[in-house]
Structure formats: C-alpha cells, structure tokens
2 protein chains.
Amino acid sequence: MNAEVKNEMNIDVKNIGDFLKSHGIRPSYPRVKIYEYLIRHKNHPTVDMIYNSLADVIPSLSKTTVYNTLNMFVDKNVAIVLEMNDSEARYDADVSLHGHFRCVKCGSIYDFNLDSSDFRPRGLDNFLVSEVQVTCKGICAGCRT
Amino acid sequence: MNAEVKNEMNIDVKNIGDFLKSHGIRPSYPRVKIYEYLIRHKNHPTVDMIYNSLADVIPSLSKTTVYNTLNMFVDKNVAIVLEMNDSEARYDADVSLHGHFRCVKCGSIYDFNLDSSDFRPRGLDNFLVSEVQVTCKGICAGCRT
DNA sequence: AGCAATTTTGTAATCATTACAATATTATTA
DNA sequence: TAATAATATTGTAATGATTACAAAATTGCT
Ligand SMILES: [Mn+2]
Ligand SMILES: [Mn+2]
Ligand SMILES: [Zn+2]
Ligand SMILES: [Zn+2]
C-alpha cells in the first residue's frame with residue numbers, strides 16, 4: 001500500500017447507539033453489533049462474513065436480520081453497497097467519497113482517496129447527483145511481485 | 001441532456017465480422033447480431049432486452065447463447081458489464097473510459113465524459129489498474145422538472 | 001461427403017437475496 | 001405494573017438471474 005491510501009474513519013465506537021439514533025435507526029443490539037462490525041472491519045465485508053463473525057456473540061442471529069439491517073443502513077445513508085459486480089454484495093460504513101480497487105488475483109478491496117476538487121462528472125449539469133462510486137480493477141502491488 | 005454528454009461511438013456496422021475476428025471472436029450469426037444490437041442500442045441493455053429483441057430475427061435463439069456471447073465479449077474486451085448493483089447486468093459495447101449515471105426515477109442510464117486528466121485515482125502507484133468505472137446515481141434533468 | 005471442432009440450445013442446478021408470517025422484544029398506555 | 005400496541009427478529013419458502021451441462025446443430029477442413 002501507499003502513504004496516500006485513504007485513512008481509516010474515526011467514528012467513536014462507544015457512541016454507535018447515538019449515531020444510529022441520529023440517523024433515525026433504533027439501536028437494537030443486532031444493529032449496533034452489525035454497525036460496530038462494519039467500522040471495525042474495513043475490508044468491505046459480505047453478508048456472510050458479518051453473519052459468521054457475529055453468530056458467536058449473538059447466537060440467535062438470523063441471516064435475514066443481517067440483510068434487513070444492512071438494507072436499512074444503506075437506506076438511512078450510514079452505509080453503502082459497493083458497485084463491484086461481485087457474486088455477493090459488499091458493504092462499507094464509510095459513506096464519504098472514496099474509490100475502491102479490487103485485485104483480481106487476491107480479491108482484496110482497497111480504498112483510495114479521490115480528491116473531489118479534481119473529480120467532476122462532466123455533462124450532468126442539470127442532474128441531481130446523490131451518489132458517486134469509482135471502482136477500479138486490476139492487480140495490487142503485493143500480487144505484482 | 002447536454003452538449004457535453006458523451007458522443008455515440010462510430011464503429012462501422014458493416015465490419016462487425018472483421019471487428020470481432022480481430023478480437024479473436026468467430027463471427028457467428030448470433031454473435032454478430034448481438035454485437036450489432038449493442039452498438040445500435042446505446043441504452044446499456046440487459047440480457048432480456050437483447051434476447052427479446054433478437055428472438056424475432058433469430059427464432060432459434062436461446063437465452064443461454066446471449067449469456068455465453070456477452071460473457072465472451074467481456075472476456076475479449078469488446079464489451080463491459082456496468083457496475084450498477086442492478087438486479088440484471090447491463091452491457092455496453094463502448095469500452096472507452098466514460099462514466100454512467102442512473103436516474104433512480106426513470107431508470108435511464110446516461111453516459112457522460114470523463115476527462116482522464118481530471119480523474120486520477122490517488123494512492124495506487126504500484127497497482128496495475130486495468131479497468132476503471134465511474135457510476136453516479138440521482139435524478140436526471142428530465143425527471144427533476 | 002465424411003469427420004472433427006466449435007457453437008448453439010434446452011433444461012436443470014445454483015445461490016444470493018427477498019417475501020412472508022410467526023414469534024419475540026420493546027415501547028406505550030392505562 | 002399489567003395490558004396493549006408497535007417494532008424487530010427469526011426461520012422457512014419463494015424468487016430470479018446466472019451458470020452448468022450434455023445433447024443437437026452448425027461450421028470448417030480434408
Ligand atoms: Mn471503502
Ligand atoms: Mn456507456
Ligand atoms: Zn492482490
Ligand atoms: Zn429520470
């Protein structure tokens with residue numbers, strides 16, 4: 001990786017409940033745990049990764065709840081679904097503008113900074129743009145050696 | 001739309017056979033027709049749209065052939081699959097760098113130019129980037145009125 | 001024409017996601 | 001606090017796009 005690669009977010013884990021409430025989400029235990037998982041694991045996890053990890057701490061957890069919760073997070077704008085054409089959806093609690101690179105060799109997904117001042121979609125002058133995603137594919141530095 | 005919106009491609013329809021051959025694709029009748037459909041219909045069609053349109057002119061056409069052919073086109077780099085998180089994949093014969101905007105009201109997908117000098121992913125210095133896609137979501141000019 | 005390689009086709013399987021109704025939990029009211 | 005309403009969670013079944021696969025058709029070559 002590289003010094004310019006995007007820094008981690010800095011949401012205080014202790015205040016997840018308040019954070020969710022401020023976005024119109026009742027902070028139930030599964031919801032807090034799922035959100036906490038998202039901000040602690042920056043690897044853009046799939047539903048299965050989240051479910052398998054949380055099934056230990058919430059034995060009653062249903063995969064449907066993970067789906068429901070993530071859909072709600074996206075709806076309430078506290079998470080995004082990556083546009084990756086992957087077989088499984090990948091989620092990200094970092095809703096700020098940044099790009100994603102997927103290595104076709106190792107499957108890792110890297111964040112990278114997008115300087116919004118030099119990123120302007122041209123020709124959408126009368127369009128209301130609510131979301132932008134930049135996705136790259138290729139071979140990461142580690143896999144090129 | 002807008003004057004800056006990306007111009008249509010200019011591949012000569014008559015030479016589709018040669019074009020496919022030059023990319024290592026044997027130009028069978030279904031393949032030529034599917035490619036011709038892609039360059040004549042710039043609306044980023046789904047498999048069903050292509051199949052339903054061509055079923056008239058190729059009565060024996062199977063949907064599997066459309067899938068197989070489009071997968072081959074993507075593999076041979078004469079088409080791309082849009083990264084859109086749509087329920088059905090959308091295809092584009094324009095493999096040059098350009099962005100896509102999907103209107104969440106009418107579902108239309110618009111092309112727009114990306115000035116590559118504007119657009120520089122930061123922090124992938126030692127990465128081999130083979131594909132870049134920029135996807136926007138929002139409400140198009142027509143739907144905003 | 002005869003034979004081998006390739007392509008197309010139809011059907012069945014896959015599998016991520018959603019629909020749905022029952023159950024459990026939480027909030028509100030009396 | 002007990003009763004009641006609202007919301008959340010769960011398990012199972014359905015959905016639907018895509019793929020797997022093998023048979024049939026087509027094509028290219030001798
Ligand atoms: Mn990210
Ligand atoms: Mn396009
Ligand atoms: Zn890699
Ligand atoms: Zn629209």
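Residue numbering restarts at 1 for every chain, and letters A, B, ... go by the order of the sequence lines.
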Please work out whether the ring planes of B:His41 and B:Tyr37 are parallel, tilted or perpendicular, with thresholds of 30° and 60°.
->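 B:His41 and B:Tyr37: parallel rings.
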With sequence neighbours left out, write down each residue that passes salt bridge (Lys or Arg N to Asp or Glu O under 4.0 Å) with A:Lys137, or none if nothing qualifies.
-> B:Glu83, B:Glu131
Got a sec? Which of residues 47-74 of chain A come in under 4.0 Å of DNA chain D, heavy atoms?
-> A:Ser60, A:Leu61, A:Ser62, A:Thr64, A:Thr65, A:Asn68
Please collect all salt bridge (Lys or Arg N to Asp or Glu O under 4.0 Å) contacts where either partner lies in residues 60-77 of chain A, sequence neighbours excluded, each pair once.
-> A:Asp48-A:Lys63
In this structure, how many angstroms lie between the [atom2] atom of [N] and the [atom1] atom of [X], rounded?
{"X": "B:Leu20", "N": "C:dT7", "atom1": "CG", "atom2": "P", "answer": "12 Å"}
{"X": "B:Asn85", "N": "C:dT17", "atom1": "CG", "atom2": "C1'", "answer": "13 Å"}
{"X": "A:Lys21", "N": "C:dT26", "atom1": "NZ", "atom2": "P", "answer": "14 Å"}
{"X": "A:Glu88", "N": "D:dA17", "atom1": "CD", "atom2": "C1'", "answer": "15 Å"}

Say whether B:Asn113 and B:His98, considering side chains only, have a donor N or O and an acceptor N or O under 3.5 Å apart.
->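 No - no donor-acceptor pair under 3.5 Å links their side chains.
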Check: residues 65-72 of chain B side-chain donor-acceptor pairs under 3.5 Å, at least two apart:
from	atom 1	to	atom 2	distance (Å)
B:Asn68	ND2	B:Thr64	O	3.4
B:Thr69	OG1	B:Thr65	O	2.7
B:Asn71	ND2	B:Tyr67	O	3.4

Side chain to side chain donor-acceptor pair (under 3.5 Å) with A:Arg90: which residues, sequence neighbours excluded?
->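 Listed in chain order: A:Asp86.
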Restricting both atoms to N or O, compile the protein contacts to nucleotides 22-29 of chain D shorter than 3.5 Å, with distance only.
none

Could you tell me whether the side chain of A:Asn43 reaches within less than 4.5 Å of the side chain of A:Met49, counting heavy atoms only?
-> yes
Okay, side chain of B:Asn85, backbone of A:Leu82: is any donor-acceptor separation there less than 3.5 Å?
->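 Here the side-chain-to-backbone pair exists.
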